[in-house]
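Please read the structure below before turning to the comments.
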Amino acid sequence: MLGAQGRAVHQCDRGWAPVFLDREQSISLMSVGFLLEKPDEAVVWRGPKKNALIKQFVSDVAWGELDFLVVDTPPGTSDEHMATVEALRPYQPLGALVVTTPQAVSIGDVRRELTFCRKTGLRVMGIVENMSGFTCPHCAECISVFSRGGGEELARLAGVPFLGSVPLDPELTRSLEEGHDFIQEFPGSPAFAALSSIAQKILDATPMCLP
């Protein structure tokens, strides 16, 4: 999605140097995918080895000064999630951004994610509903494909902010698959408006001064 396939991780005097996505080095990235010999290779590791790598990604990568560190985790409440929370705890993480889709089965899974956050003392910054309708590529009308409103109702019941809904957008999907800049290419897309609004709400709720 970020066009970083085939990039290599190098050692520096402060540990691993992250992969920078632009010349200005404004966005840096670290992924287990950079450490694999083949891109299709499966990561068949037991818990201790995975947990150790998560800690390394936090403490042994030369991140430098960051405005934000975003950790993308898979669904669930596995050992990896606990290892991530524990590795970041000394740095006082801002919280978790929880993403769901409108279907009831997804809402049920995310409800358990919220319980996980409460038990680990991780603040929930808000809930986002993804795949909330389908944006027609011809007329830009948003059509309901799944049920709607599940994310907003879950946020209300859990007493956490609902940050917004992001529709399925073919242009967004294409941009992600081809590694293009969706923000620059499709500023009029409904998905762009939704994502921008969500990002602004997160920034407004962040207790820090950005340069």
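Only a predicted model underlies this, so the values are computations on that prediction, with no experimental measurement involved.
Both Leu35 and Leu21 are members of a single hydrophobic cluster when ILVMFWY side chains are connected at heavy-atom separations under 4.5 Å. Linking ILVMFWY residues whenever their side-chain heavy atoms come closer than 4.5 Å, directly or via other members, places Leu29 and Val9 in the same cluster. In the hydrophobic clustering of ILVMFWY residues, with side-chain heavy atoms under 4.5 Å counting as a link, Val19 and Leu69 come out together. Connection of Met1 to Phe192 is established within a shared hydrophobic cluster, with ILVMFWY side chains joined at heavy-atom distances below 4.5 Å, either directly or through further cluster members.
Nearest heavy atoms, Ile107 versus Pro102: CG1-O, 3.9 Å. Shown here for Glu41 and Leu36, the closest heavy-atom pair between the two residues is O-CD1, 3.5 Å. Across every non-hydrogen atom of Val124 and Cys117, the tightest pair is CG2-CB, 3.7 Å. Minimum interatomic distance between Ala17 and Met30 (heavy atoms only, all atoms of both residues): O-CE, 4.1 Å. Counting all heavy atoms, side chain and backbone alike, Val99 lies closest to Val110 at O-CG2, 3.6 Å. The heavy-atom pair separating Thr77 from Arg112 by the smallest distance is CG2-O, 4.0 Å.
Side-chain contact check for Gln103 and Ser106: no donor-acceptor pair (N or O, by modelled atom type) lies under 3.5 Å.
Put simply, the side chain of Glu129 gets close to the backbone of Gly150: a donor and an acceptor are under 3.5 Å apart. Here the side chain of Arg7 pairs no donor or acceptor atom with the backbone of Phe34 at under 3.5 angstrom.
Under the side-chain contact (heavy atoms from CB on, under 4.5 Å) test applied with Leu114, the options Thr100, Leu122, Ile127 reduce to a single match, Ile127.
Enclosure of atom CZ in Arg14 is not indicated, since only 12 or fewer non-hydrogen atoms of other residues, nucleotides or ligands lie within 6.0 angstrom. Atom CG of Asp72 has 12 or fewer neighbouring heavy atoms from other residues, nucleotides or ligands inside a 6.0 Å radius. Other residues, nucleotides and ligands contribute only 12 or fewer heavy atoms inside 6.0 Å of the CD1 atom of Ile183.
Here the side chains of Phe182 and Leu176 are not in contact, with every heavy-atom distance at 4.5 Å or above. When side chains are defined from C-beta on, Leu203 counts as touching Phe68, because their heavy atoms get closer than 4.5 Å. Taking 4.5 Å as the limit, every side-chain heavy atom of Met125 sits out of range of all side-chain heavy atoms of Pro161. Arg156 places none of its side-chain heavy atoms less than 4.5 Å from the side chain of Phe162. Side-chain contact check for Leu66 versus Ser28: some heavy-atom pair is nearer than 4.5 Å.
Rounding to the nearest 0.5 angstrom, the gap separating the CH2 atom in Trp63 from the CH2 atom in Trp16 is 11.0 Å. Atoms CD1 and CD, from Ile27 and Gln25 in turn, are 12.0 Å apart once rounded to the nearest 0.5 Å. Atom CG of Leu195 is separated from atom CG of Leu163 by 11.5 Å, given to the nearest 0.5 angstrom. Taking CD from Glu185 and CD from Glu178, the interatomic distance works out to 8.5 Å, rounded to the nearest 0.5 Å.
Under the 30°/60° scheme for interplanar angles, the aromatic rings of Phe116 and His81 are found to stand perpendicular.
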Which atom pairs, one a donor and one an acceptor, fall under 3.5 Å between side chains of residues 164-174 and the rest of the protein, sequence neighbours left out?
residue	atom	partner	partner atom	Å
Asp169	OD1	Glu171	N	2.9
Asp169	OD2	Ser189	OG	2.3
Glu171	OE1	Arg174	NH1	2.5
Glu171	OE2	Arg174	NH1	3.4
Thr173	OG1	Asp169	O	3.3

List, one per line, each side-chain donor-acceptor pair under 3.5 Å for residues 48-62, sequence neighbours excluded.
residue	atom	partner	partner atom	Å
Lys50	NZ	Glu80	OE2	2.7
Asn51	ND2	Gly47	O	3.4
Ser59	OG	Lys55	O	2.8

Derivation and outcome, salt bridge (Lys or Arg N to Asp or Glu O under 4.0 Å), residues Lys201 and Asp204: CA-CA 5 Å; Lys201 289 177 182 177; Asp204 291 343; over 6 Å; no
